[in-house]
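Proteins get letters first, then strands, A, B, ... in listed order; numbering begins at 1 in each.
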There are 2 protein chains.
Amino acid sequence: MDRFYQKCKQHSLKITPQRTAVYKTLEASSSHPCADMIHKVLQKEFPNISLDTVNRTLITFSKVNIIDVVEGRGDPRRFDPNLDAHHHFHCLACNKIFDFHDTALDQITPSSDIAKKFIITGKKIVLKGYCDNCRSQASTL
Amino acid sequence: MDRFYQKCKQHSLKITPQRTAVYKTLEASSSHPCADMIHKVLQKEFPNISLDTVNRTLITFSKVNIIDVVEGRGDPRRFDPNLDAHHHFHCLACNKIFDFHDTALDQITPSSDIAKKFIITGKKIVLKGYCDNCRSQASTL
DNA sequence: TTGACAAATAGGATCAAATCCTATTTACTA
DNA sequence: TAGTAAATAGGATTTGATCCTATTTGTCAA
């Protein structure tokens with residue numbers, strides 16, 4: 001939690017009971033929850049907390065690198081006709097996805113206990129960041 | 001296109017003008033489009049084509065491995081409090097995300113021209129497939 | 001410690017993506 | 001070429017995300 005308070009101060013985010021609770025709830029979870037799930041949990045503690053607050057708070061946190069947004073950003077489902085080995089760079093600003101190829105990275109193999117536990121139908125390296133056009137919008141960490 | 005017809009027959013999907021057009025449009029695109037974008041393009045050719053058909057068709061294609069769904073599946077935005085190096089396995093059936101750790105994979109480095117072109121703020125290996133509980137639902141490829 | 005101000009919240013309204021429903025049409029098989 | 005199961009159109013519904021505005025609340029400086 002210390003790092004949480006520190007990061008908030010660093011980015012002059014006010015430390016509100018709601019924000020603290022949102023962070024604690026997410027940290028206690030291992031299911032990579034969405035805003036709605038966290039909202040449901042928090043309603044026990046804050047009967048009036050709004051979903052908008054939870055969602056806005058989570059987005060704010062992710063912008064200043066307190067937490068992370070994982071696969072899926074709430075955006076529409078997107079498709080790829082290319083089934084050959086390739087990897088993706090995802091621009092956080094313009095939302096474009098760039099393909100890149102790297103035969104060395106195609107070779108990566110997850111350790112055998114993963115392969116044993118799950119049926120793996122696809123693997124990909126996913127990079128996040130800012131593309132050439134959006135460099136300037138990179139958040140100051 | 002041959003492989004397209006072949007895969008359709010293999011899974012007894014009827015080859016309709018709409019399906020052919022959806023596939024052609026996606027294949028011609030390099031922007032990893034969503035259903036709505038493809039729908040807009042197709043309306044020139046098929047003034048009455050419905051968005052539902054486009055969306056349903058794309059999902060059908062992805063189920064039989066004609067195309068792929070990329071980062072984000074149209075599901076709600078999900079969050080992760082863990083900023084340390086780790087990787088994800090995403091179950092296509094139950095939609096759970098499992099963390100896994102692999103120090104060897106943490107070391108992977110995209111080739112330098114990628115690093116030069118983009119500002120990279122995150123990297124992750126994303127595996128897709130079926131978890132232990134959902135093994136049985138693995139689509140027959 | 002207090003007062004002022006900018007920032008954050010609640011709650012309802014709006015927007016957009018995805019899915020569902022059903023009548024109609026169509027591709028495939030025998 | 002006719003029968004049948006599958007696919008489509010189009011509208012309705014659901015749900016996640018965002019917007020708007022009045023009210024509340026942290027924070028900083030005096």
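- Residues from residues 31-53 of chain A with heavy atoms under 4.0 angstrom of DNA chain C, sorted by number: A:Asn48, A:Ile49, A:Ser50, A:Asp52, A:Thr53.
- OP1 or OP2 of C:dT19 sits under 4.0 Å from a side-chain N or O of B:Asn55.
- For DNA chain D, the outermost nucleotides in 5' to 3' order that have an atom under 4.0 Å from a heavy atom of chain A are D:dA17 to D:dT27.
- When each of B:Arg77 and B:Leu13 is assigned the nucleotide of DNA chain D bearing its nearest heavy atom, the one mapping closer to the 5' terminus is B:Leu13.
- Using a 4.5 Å cut-off on side-chain heavy atoms (C-beta onward), A:Gln18 and A:Leu42 make no contact.
- Ring geometry for A:His88 versus B:His32: interplanar angle over 60°, hence perpendicular rather than tilted (30 to 60°).
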* To do: Determine, stepwise, if the pair A:Asp113 / A:Ser111 fulfils side chain to side chain donor-acceptor pair (under 3.5 Å).
  => CA-CA 6 Å; A:Asp113 47 318; A:Ser111 67; 2.6 Å; yes
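- We find that NZ of B:Lys9 is positioned 13 Å from P of C:dA27, with the value rounded to whole Å.
- The ring of B:Phe61 has its center no closer than 6.0 angstrom to the ring center of A:Phe79.
- Using a 4.0 Å cut-off on heavy atoms, the residues of residues 14-30 of chain A that approach DNA chain C are A:Lys14, A:Thr16, A:Gln18, A:Arg19, listed by number.
- Using a 4.5 Å heavy-atom threshold, the side chains of B:Ser30 and A:Asp99 count as separate.
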* **B:Val54/B:Thr25 under side-chain contact (heavy atoms from CB on, under 4.5 Å): CA gap, chis, key distance, verdict** => CA-CA 11 Å; B:Val54 175; B:Thr25 304; over 6 Å; no
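- Closest of all the heavy-atom pairs between A:Cys8 and A:Ile15 is CB-CG1, 4.0 Å.
- Residues B:His86 and B:Asp106 bring no donor and acceptor atom of their side chains to less than 3.5 Å of each other.
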* **Residue pair A:Asn95, A:Arg78: steps toward the side-chain contact (heavy atoms from CB on, under 4.5 Å) verdict** => CA-CA 11 Å; A:Asn95 217 10; A:Arg78 291 169 71 172; 4.1 Å; yes
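- Using a 4.5 Å heavy-atom threshold, the side chains of A:Asp84 and A:His101 count as separate.
- Using a 4.0 Å heavy-atom criterion, one finds that B:Leu58 contacts no nucleic acid atom at all.
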